[in-house]
Protein chains: 2
Amino acid sequence: MEAAIEILDKDGEDALTFRALTAHLATGSGAIYWHVADKHELLAAATDHIIARVMTEAVKEPNPQDAIHTLAMGVFDAIDAHPWIGSQLSRDPWQDAVLRILEGVGGRVQALGVPKQDQFNTATALISFILGIAGQYAASARFVASNANRTEHLGAVAAKWEQLDPAEYPFVRQVAKILPGHDDREQFLAGINLILTGIERAR
Amino acid sequence: MEAAIEILDKDGEDALTFRALTAHLATGSGAIYWHVADKHELLAAATDHIIARVMTEAVKEPNPQDAIHTLAMGVFDAIDAHPWIGSQLSRDPWQDAVLRILEGVGGRVQALGVPKQDQFNTATALISFILGIAGQYAASARFVASNANRTEHLGAVAAKWEQLDPAEYPFVRQVAKILPGHDDREQFLAGINLILTGIERAR
DNA sequence: ACCTGAACACCGTTCAAGT
DNA sequence: ACCTGAACACCGTTCAAGT
């Protein structure tokens, strides 16, 4: 598990192959298959390994709104530190790691006083948003390895957006100016707050 | 393009290989590579092909809230009809198809009267939620081919949830009862409405 | 019970050679 | 300009054989 995470963190998700892992552990592929059913289970276990730590740390917060914040930011930071988690989370909604997040979010949704029949839809809405961000963030990370060429990459995307047809893409052209300077973290928090406001209002 | 979509719809995303496509078109792999850079571009083009149609159909609606509804449901229905779109959308946030959705959503967010500095975060929050659902829905579709064993599959998931430790997973155990009977479409709409309520309130 | 590692059945992609 | 298809450099997974 640790060896797998090490490879994923150092060289990205494509670098984790059974051959790379067997080389790293000086073993045969059969040895790994004895402990894990397939590659998907390997990735899911590695993801759960990290998310589990994030969740237990976020448990302390007593205020439900704040708890959802810390919880969501915990997931965000985990994805930031290990971008491959983002792809894995958005790939399979029923893996253990997602279950942990659902429990954490769901508990706070309950504490928020959301009526019982709305709790499932409310919690999964938050989860969907978080997983959506996860996938997007992972995709960005795949393009840009270092933070140095991140701004460069966003600049290139923005330049492409500004060359779109003004009649067809007025909005995209307008936000192209904000894109290179925008803060992912703030953007994520804004989304969480939007949903929290919706929850509060609906209640 | 049509041949690729045909294969994807009939046998799922794993079935689209260059070998399957060349066999279907009675050509060589080089012929495809002449028109498309790589597999990712092929998938992105196929996705854009379908999303483009959805978007132009949703343009008519004058009321911005209703427009966001039709637009989101259009994407949802497209994923329902072609589950591979879900994976593809959540994989790359900067592909053409996502840009189309962003423009559609962004325009309505503007029409909703959201202050200029909040429009980007608001529109991308909606996009993130939609892409999050896209990934999850595609994952479900990967597990269950027909709708017949969908309920069966959800029942199995729910049964697993109910066997979790009551102390650690109280919320998940509680919603396990609702899971098998729940309606994805309604769940999706509830999420959209939650965000729309948040937008309205913030304004 | 757990590990070895060759072998199998695939992939995406390239590129010299054709028309 | 566009296509052919063999060849390359990989994959995940299996399984007889070992300890």
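Residue numbers start from 1 in every chain, and the chains themselves are labelled A, B, ... in the order their sequence lines are given, proteins ahead of strands. Since we're looking at a predicted model, the values are computed, not measured. Scope of the values below: all heavy atoms of this structure, side chains included, with no hydrogens, waters or symmetry mates.
For the pair B:H35 and D:dA1, the criterion of a side-chain N or O lying under 4.0 Å from OP1 or OP2 is not met. For C:dG12, neither phosphate oxygen OP1 nor OP2 lies less than 4.0 angstrom from any side-chain nitrogen or oxygen of B:H40.
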Contact pattern, 5' to 3', of nucleotides 14-19 of chain C - B, S or - by protein heavy atom under 4.0 Å
BB----
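The aromatic rings of B:F188 and B:F76 sit parallel to each other, their planes meeting at less than 30°, with 60° as the upper class boundary. The aromatic rings of A:W94 and B:H153 sit perpendicular, their planes meeting at an angle over 60°, well past the 30° parallel limit.
With sequence neighbours excluded, the residues forming a ring pair (Phe, Tyr, Trp, His ring centres under 6.0 Å) with B:F18 are B:Y33, listed by chain and number.
Counting only heavy atoms from C-beta on, A:A31 has its side chain closest to C:dT4 among C:dT4, D:dA1, C:dA1. Closest to the side chain of A:T17, out of D:dC3, D:dG12, D:dA7, is D:dG12. The side chain of A:W34 lies closest to C:dA1, out of C:dA1, C:dT13, C:dC8. When the nucleotides D:dC2, C:dA1, D:dG12 are ranked by their closest atom to the side chain of A:F18, D:dG12 comes out on top.
The backbone N or O of B:A52 sits less than 3.5 Å from a side-chain atom of B:T56, completing a donor-acceptor pair.
Judged purely by distance below 3.5 Å, without hydrogens or angles, the side chains of A:Q88 and A:E13 never pair a donor atom with an acceptor atom.
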Just the dot-bracket of DNA chain C, please: which string comes out with Watson-Crick or G-U pairs under 3.5 Å, [ ] for crossing, | for another strand?
||.|||||...|||||.||
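Atom CG of A:L43 and atom P of D:dC11 are 15 Å apart (whole Å). Rounded to whole angstrom, the span from the CZ atom of B:R19 across to the C1' atom of C:dG12 amounts to 7 Å.
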